[in-house]
Asks: 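Here's a structure for you.
Keep in mind the model is a prediction, meaning the values are calculated, not measured. First the proteins, then the strands, lettered A, B, ... as listed; each starts at 1.
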2 protein chains.
Amino acid sequence: MTFGEYIREHREALKEQDRRFSVRQVAQRIGVEPAYLSKIERGDVAPPSEAKIRALAEELGEDPDVLLAMAGKVSSDLQEIIRKRPQLFADLIRQLKSAPDHAILRIARDVRDGDW
Amino acid sequence: MTFGEYIREHREALKEQDRRFSVRQVAQRIGVEPAYLSKIERGDVAPPSEAKIRALAEELGEDPDVLLAMAGKVSSDLQEIIRKRPQLFADLIRQLKSAPDHAILRIARDVRDGDW
DNA sequence: AAATATGTGTACTATATACTACACATGACA
DNA sequence: TGTCATGTGTAGTATATAGTACACATATTT
């Protein structure tokens, strides 16, 4: 499923219950032209900027990191974290490339709980 | 220290011992015009593409992830790893934002050794 | 039936990215 | 001293990114 398809699907679902989720009205709320959002949803143009994707995520109640990923992007705040300690993070992330989900989850939990 | 300054410094250092490290010759080996490399080193233009930065890292014996970071970029292979599991990695990386170096290092080591 | 809202086609535009090509003054060296 | 290499100034190019503006046919609402 492409970025555009995903957006369209979820926007239309919300529209069932609330007609404020038309292309035009969502476009207005996230600050783009309706024709542009329409083209994005149909894959006629590339996904929009990170800022617009974030606004869209907020509007549709979706996870911004997931939407950014579908758009082929990585959140700029994550990039900044990595850029500040490139060797440490590059090494760790490559190690985790083939780790199972539960292992990554557990590490995140351990770090959060301060078990280190 | 900027990307350009760093490159110039390290290239000049190598040039002391080996005159094959002139702007012209390095430029030729990494596949750019000498004038362009000159401008990069003086910060006259933005850092080059990821591919050229990698070639430069190879040529100067530097860590590509570090050079990419100085250029304000994050390696595309890391971005791809994150994009495949955005929630897991986004969460983990944000957790590790303020973790001390030794903690991140230890996690990477633990993962490598399979202690999980 | 009239007014209004909706989705989309077409045609642009502005800025950034990632360079090349050529010329030229200066310095090294044979 | 002539040749060759060196670093750099100027000008230009191709492609990507991130959109806008307007018009128009088709619903939907009043």
Asks: If only side-chain N and O atoms of B:Lys15 are considered, is one of them under 4.0 Å from the OP1 or OP2 phosphate oxygen of D:dA5?
Replies: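 No.
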Asks: In this structure, how many angstroms lie between the C1' atom of C:dA18 and the NZ atom of B:Lys73, rounded?
Replies: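 One finds 9 Å between C1' of C:dA18 and NZ of B:Lys73, rounded.
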Asks: Closest nucleotide of DNA chain C for B:Arg19 versus for B:Pro47: which of these residues is on the 5' side?
Replies: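 Going by which nucleotide is closer to the 5' end, it is B:Pro47.
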Asks: From the options D:dA18, D:dG9, C:dT6, select the nucleotide whose nearest atom is closest to the side chain of A:Gln25.
Replies: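 That would be C:dT6.
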Asks: Heavy atoms under 4.0 Å, any strand shown: does B:Val45 hit a base, just sugar-phosphate, or nothing?
Replies: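 Nothing, no heavy atom under 4.0 Å.
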Asks: Consider the side chain of A:Pro48, meaning its heavy atoms from C-beta on, and name the nucleotide among D:dG19, D:dT8, C:dG7 that approaches it most closely.
Replies: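 Closest nucleotide to the A:Pro48 side chain: D:dG19.
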Asks: Considering only side-chain heavy atoms of A:Arg24, which listed nucleotide, D:dG19, C:dG7, C:dC22, is closest?
Replies: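 Per side-chain heavy atoms of A:Arg24, the pick is C:dG7.
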Asks: Calculate the interatomic distance between A:Arg20 atom CZ and C:dA5 atom P; express it in whole Å.
Replies: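 Spelled out: CZ on A:Arg20 to P on C:dA5 is 15 Å.
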Asks: Closest approach to the side chain of A:Tyr36, judged atom by atom: which nucleotide of C:dT8, D:dT20, C:dC19 is it?
Replies: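 For A:Tyr36, the side-chain atoms sit closest to D:dT20.
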Asks: Do A:Ile107 and B:Val111 come within less than 4.5 Å of each other through their side chains, counting heavy atoms only?
Replies: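 Side chain of A:Ile107 against side chain of B:Val111, heavy atoms only: contact under 4.5 Å found.
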Asks: Rounding to an integer number of Å, can you tell me how far A:Leu56 CG sits from D:dG19 C1'?
Replies: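 After rounding, the reported distance stands at 15 Å.
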Asks: Check every atom of D:dG7, C:dT6, C:dT20 against the side chain of A:Ser22 and return the nucleotide holding the closest atom.
Replies: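 Of the candidates, C:dT6 comes closest.
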Asks: Within less than 4.0 Å of OP1 or OP2 of D:dG7, is there a side-chain N or O belonging to B:Ser38?
Replies: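 For B:Ser38, the contact criterion (side-chain N or O under 4.0 Å from OP1 or OP2 of D:dG7) is not met.
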Asks: Nearest whole angstrom, please: distance from the C1' of D:dG19 to the CD1 of A:Ile53.
Replies: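 Atom-to-atom, A:Ile53 to D:dG19, this comes out as 13 Å.
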Asks: Mind checking whether A:Arg94 and B:Leu78 have side chains closer than 4.5 Å, heavy atoms only?
Replies: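 Yes. Closest side-chain heavy atoms under 4.5 Å.
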Asks: Select base, sugar-phosphate, or nothing to describe what A:Lys39 touches, counting heavy atoms under 4.0 Å on all strands.
Replies: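 Contact class for A:Lys39: base.
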Asks: Does A:Ala46 or A:Val32 map to a spot on DNA chain D nearer the 5' end, using the closest nucleotide for each?
Replies: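 So the residue in question is A:Ala46.
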Asks: Taking the side chain as every heavy atom from C-beta outward, state whether A:Pro64 and A:Ile53 have any pair of such atoms under 4.5 Å apart.
Replies: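 With C-beta onward as the side chain, the pair stays apart.
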Asks: Can you tell me how far C1' of D:dA27 sits from CD of A:Glu12, to the nearest Å?
Replies: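 So the two atoms are 14 Å apart, to the nearest Å.
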Asks: Nearest-Å distance, CD (B:Gln28) to P (D:dG7)?
Replies: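 My rounded result for the distance is 13 Å.
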Asks: Tell me whether the count of non-hydrogen atoms from other residues, nucleotides or ligands lying under 6.0 Å of CD in A:Glu58 goes above 12.
Replies: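 No - once you tally the heavy atoms of other residues, nucleotides and ligands closer than 6.0 Å, there are 12 at most.
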Asks: Should A:Glu50 and A:Lys73 be marked as a salt bridge (Lys or Arg N to Asp or Glu O under 4.0 Å) after you check the CA-CA gap, both sets of side-chain angles, and the distance that decides it?
Replies: CA-CA 8 Å; A:Glu50 177 168 347; A:Lys73 300 177 198 262; over 6 Å; no
Asks: Expressed in angstrom and rounded to an integer, what is the separation of B:Arg42 atom CZ from D:dT6 atom C1'?
Replies: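 It is 13 Å, rounded to the nearest whole Å.
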Asks: Take atom NZ of B:Lys52 and atom C1' of C:dT20, then tell me their distance rounded to the nearest Å.
Replies: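 These atoms are roughly 11 Å apart.
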